[in-house]
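Encoded as structure tokens, the structure appears first; notes follow it.
Residue numbering restarts at 1 for every chain, and letters A, B, ... go by the order of the sequence lines. Values reported hereafter were calculated over all heavy atoms of this structure, with side chains retained and with hydrogens, waters and symmetry mates removed.
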Amino acid sequence: MAMKYEVLVEVSLREGIADPQGATIERSLPALGFESIESVRVGKAIRFRIQADDASSAKSTVQQVCERLLANPVIEDTAITITEATTGDAK
Amino acid sequence: MAMKYEVLVEVSLREGIADPQGATIERSLPALGFESIESVRVGKAIRFRIQADDASSAKSTVQQVCERLLANPVIEDTAITITEATTGDAK
Amino acid sequence: MASLLSKGRVASPFVKPLAQGREGSPKLQIVVGIVVFPGSNCEHDVVESLGSLDAKAQLLWHSQADLQNSRAIVLPGGFAHGDYLRPGAIAKFSNIMNSVVEFARAGGPVLGICNGFQILTEVGLLPGALQKNRGLRFICEMSQVVVSTANSSASRQLAQGAQLSIPINHFEGNFTCSHDTLEQLQQEDRIVFRYLNNPNGSVDDIAGITNETRNVVGMMPHPERACDPMLGSSDGIQVLASLLEAAQ
Amino acid sequence: MTPDNSNEPNETEPLHRLLGLTDDEAGKIATILGREPNHLELAMYSVMWSEHCSYKSSRVHLKRLPTQAPHVLVGPGENAGVIDVGDGIAVALRIESHNHPSAIEPYQGAATGVGGILRDIFTMGARPICLADSLWFGSPESPRSRWICEGVVSGISGYGNAVGVPTIAGEVNFDEAYSGNPLVNVMCIGVLPKERLVLGQASGSGNLAVLLGQSTGRDGIGGVSVLASAPLEDGDESAQKRPSVQVGDPFEEKRLIEACLELLDAGVVVGIQDLGGAGLTCATSETASRGNVGMDVDISKVIVRQSGMEPFEIMISESQERMLAIIAPSSLGRLEEICNKWEVAFSVIGKVTLGDKLRILSGSDNDSPSFQANGPDHGYSSDHTTSSDQTSGFILAEVPASSLAQDAPIYMREMQAPVWFQARHFELGSRPPDVVDVGTELISLLANPSIRDKSWIYNQYDHQLFLNTVVGPGGDGTVLRLKAPGLPKSDKGLAVSVDGNSRWCSMNPRLGAKLIVAESVANLACCGAFPKALVNCLNFGNPEHPEVMWQLSETVDGIAEACTAMHLPVVGGNVSFYNESGGYDIPPTPVIGTLGVIEKLLYVPPTMALVDNCHIFLLGDYDSNVSGSRWAFDLHEYKGGSLTEINFARHSSVMELVISLVRQRMILSVHDISDGGMLVALTEMAIKGEVGFSISGINDPAELFSEGPSRVIVGASEQGAQSVIRMANDMAVPLRELGVSGGDRLAIRGLMNLSLASARDTWTGQQAPAQQAPAQPLATS
Ligand SMILES: Nc1ncnc2c1ncn2[C@@H]1O[C@H](COP(=O)(O)OP(=O)(O)O)[C@@H](O)[C@H]1O
Ligand SMILES: [Mg+2]
């Protein structure tokens, strides 16, 4: 029977790509009294539920979704985390 | 001596707040042949490094940064993950 | 280099008033302070439109705290700090915002236009938040807005129910708030403008709201872009004129 | 002093070839230097002598364009062309392509295209007041083309709106030929008080070279494609570290604009130059070469984003939002003040020297003591580090500055007209299809993605900022007031149009180019503006194909002929070659941007919106030639025949008549006939004006779809109609009354009777597919 999985895809800018958002946040932190923070990078965190026969088939679908829709590999990397959904409705 | 920590802050829209980005992705999935995906939500993944005396002081600083800057509590929640940084320069 | 929000550095780059009202005006000119953040871009447009109303405008640089005796404050449109993170998220920490909050709490008229509206919600002078437009697209077009209450510093010269043509120009203008906040806004008659054809998904068609004391108004449409018939509408004049009246 | 040669690679394939230089070019470099170049020098020559920077294949042809007129202050060759428009005001304009980056990362590719063209304009001391775009995509039916289209449009919107410059005009075309290689051309116009004009040149030995703005990263290095494959570092992993697409930062650019304009106003700057293609190498060698001086550059002073960057990476990085300013040492304090105010990072990276040598140093050299002015820790936040890990005190490269900037080889590449070209002219037997049902054909045309309503695009652009937009996008030309902070007061207006037509140019590049220039001028005339200057962006295929070089040459001659005939100077341009995919070159696609001036903009000129109860006239010659029309190409796949020749004397008299009618307020609506022909023009007028029309006297329905040149439709009241007839007679312009406006039907006696609503719904209703496109659609097909 099909299982439900919770998925988190983190999309981040590839190393070496300028991250104007991250840099702007970082520059604003000292004035707020936060001196000890560096290397700020801003990415996306996309969460969804997927139905699949097993974890490995879930993963392969998610990988496809990442490649085709969620990220552009020219500038972005993705990291996928899949966990079995606790029972109950997704919403 | 001060330690370095890697921080991930996931900023997500609060439950009940409509997510036009997530809805748009969800709507476009079936056309690409992905039928089994639901409840898509798009948030931000903000990563940075912080220097602090210990994990708990790192955490309290990060909490403040979240409250004051990284999220708008009217519509957003945050989830914080802190790990000890592996040695080496942040860059 | 000092950081973006450094305190107490450099006097305003705009110490001199940039717009003068028409000469020979008998009335005492009202001085309106227009806050400029790095990334603001509608400040000169507001100066120009206020100038056509005989008001005097002065630009106030965000890093200074002094409002320079301004009788009303406008937070103009644009992309303060690039709108990075969230519109208004970084701007709210500027030195000048403390003074603006104080000024507002003391009853001074404050108008936030577009990005200015976003900043006012971030800093807590107005409730709610402005999310991405429903269609996930930037929208620049003429919009039709209806005056929902004449009881605010930006609508006191307008009649309730009046319909105005005022352009909108935003990506994040979708007003969102909790159910309780919405009820409160409705019950206290604090919704100032509503869209006739909701362009962005705002709850209850909200285009502009006011605070409890009715001196602070935030609106997404740009009244300064509607002050000249050659640009397609002059309906924005009454909004700015209301602000000037409130400042008297 | 001998430059350090220690990092010479020892590969079997010579390095110069890996960098894209031919053996002859390498030989020429050795002759210039009197020795073999080292690896850094070779890298610098390879980028400066690339097609993109040196125009080595096109230069011989571009020389044929007319560039002079009394009002031209700066012609081609500088960062932007500048003309004098009177009232003490000068206007700078420029167009550029960003085709290849947009194909792989549409949002950032287009966004950085906007950033680049803006810098070209404010480099001249001009405040950018508007942008315009010309976009060419594959069919919107294809998900990949839709992804590119959506991404490009939102990239232009995202960057242009945030940087605070309105995008006020443009065009978009959809054609299979661009599915693998879209075109994104962006034009920018800026204004300045005449006396503020500055040129991108260095002068004054001892003056400082200051790098302003964004830190320098590895991004954009792979953009110079030859370098991506060079074995300059250890293997794949390091190539991975060099992304070829850059992320634009409009917020940085906005502050950079304000800081640079204030530096110019304060008289701090001797010369200033943006960093575009070929980065620091280009900016330093061009400023030095234009000023007939040398320059010492200390790369250890460059603020870098990543540690461990190689000297060549720093010298050729195309990181965005950077400017190079040349200042007197005594101005450094003032520069610091202004940069601090606008929160723009800066670093003194070099100085102007006597002689002609561009020397790249690492660390202070003995005879360059002033390098310590301003330490690397001056004013940057923690994410910036300088490349202080470089070996100090070496001269890494030493070359004549002008040899980089000016001595690139010039090629007269082989040209050959395609075989079909002559044949098509004499395709006597080939007959266009017959028009069967006018109404059905009209509906098909209105649904054509290139013709239908573009408001879903231009409404994503802030087109109102600065309160100058008197007639916005959606009509023939866009009309702006000539006004900006700091500018002398003026009643004048500017009119802008951007036009291309690859259908015409694929049939006959020379005549096609003439027709495009003519159409662009017609768009301005419809606003009441006289054309004053033209810029062009020549998008072509692979220059090593003789057919492509022939197309380019013919196109240049066509533009030259049209400009000469209409006394219109070409003040700038850009050539984009290698637009090919899957072995196919794109059709020749010159894009023409024209700038016109309205002497007194005191009222809103008439638009294309039809007004009820008017007489509708056609000004210009009868034409029923459908060859090359949208109707023939897209609806009937008929690509034969030949285009109608243009008669420039006739064209000019029609345009003068239109301008007079607009200026004397004799007409209530006006629209030139272009894409889709007369019937589409009339229908667009009806839709915009929300009123129908009733036309008669059309004997050959082909006339309705012909796109023959020099024809304009005007609508006039009863009273105005008399003046239109009289003035047309006086100016010997053929005139025909087509019918009248009114009602809610689009009626042509004997041929068509359609409801206005159905036409409108077809024309506007096609926005749906785009709106449903995913937030971040397909990355790969
Ligand atoms: N990509 C675009 N950006 C901005 N405006 C556009 C774009 N595409 C079309 N437009 C606007 O739509 C109108 C119609 O364009 P077009 O059909 O090319 O006009 P014309 O045939 O008169 O040259 C013009 O006013 C143009 O400015
Ligand atoms: Mg036209």
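When each of Val11(B), Ile50(B), Val9(B) is scored by its heavy-atom pairs under 4.5 Å with chain A, the top score falls to Ile50(B). Per-residue heavy-atom pair counts under 4.5 Å with chain B were compared for Gly22(A), Gly33(A), Gly43(A), Ser12(A), and the maximum is reached by Gly43(A). Per-residue heavy-atom pair counts under 4.5 Å with chain A were compared for Val42(B), Leu8(B), Val65(B), and the maximum is reached by Val65(B).
Between atom CG of residue Asp19(A) and atom CD1 of residue Ile46(B) there is a gap of 10.0 Å, rounded to the nearest 0.5 Å. The CZ atom of Arg68(B) sits 10.0 Å away from atom CG of Leu29(A), with the distance rounded to the nearest 0.5 Å. The CD atom of Gln51(A) lies 7.0 Å from the CD atom of Glu38(B); values are rounded to the nearest 0.5 Å. The distance from atom NZ of Lys44(A) to atom CD of Gln21(B), rounded to the nearest 0.5 Å, is 6.5 Å. A distance of 6.0 Å separates CG in Leu69(B) from CG in Leu32(A), rounded to the nearest 0.5 Å.
Looking at Ile37(B), both its backbone and its side chain come within 4.5 Å of chain A, counting heavy atoms on both sides. In this structure, chain A has heavy atoms under 4.5 Å from both the backbone and the side chain of Gln64(B).
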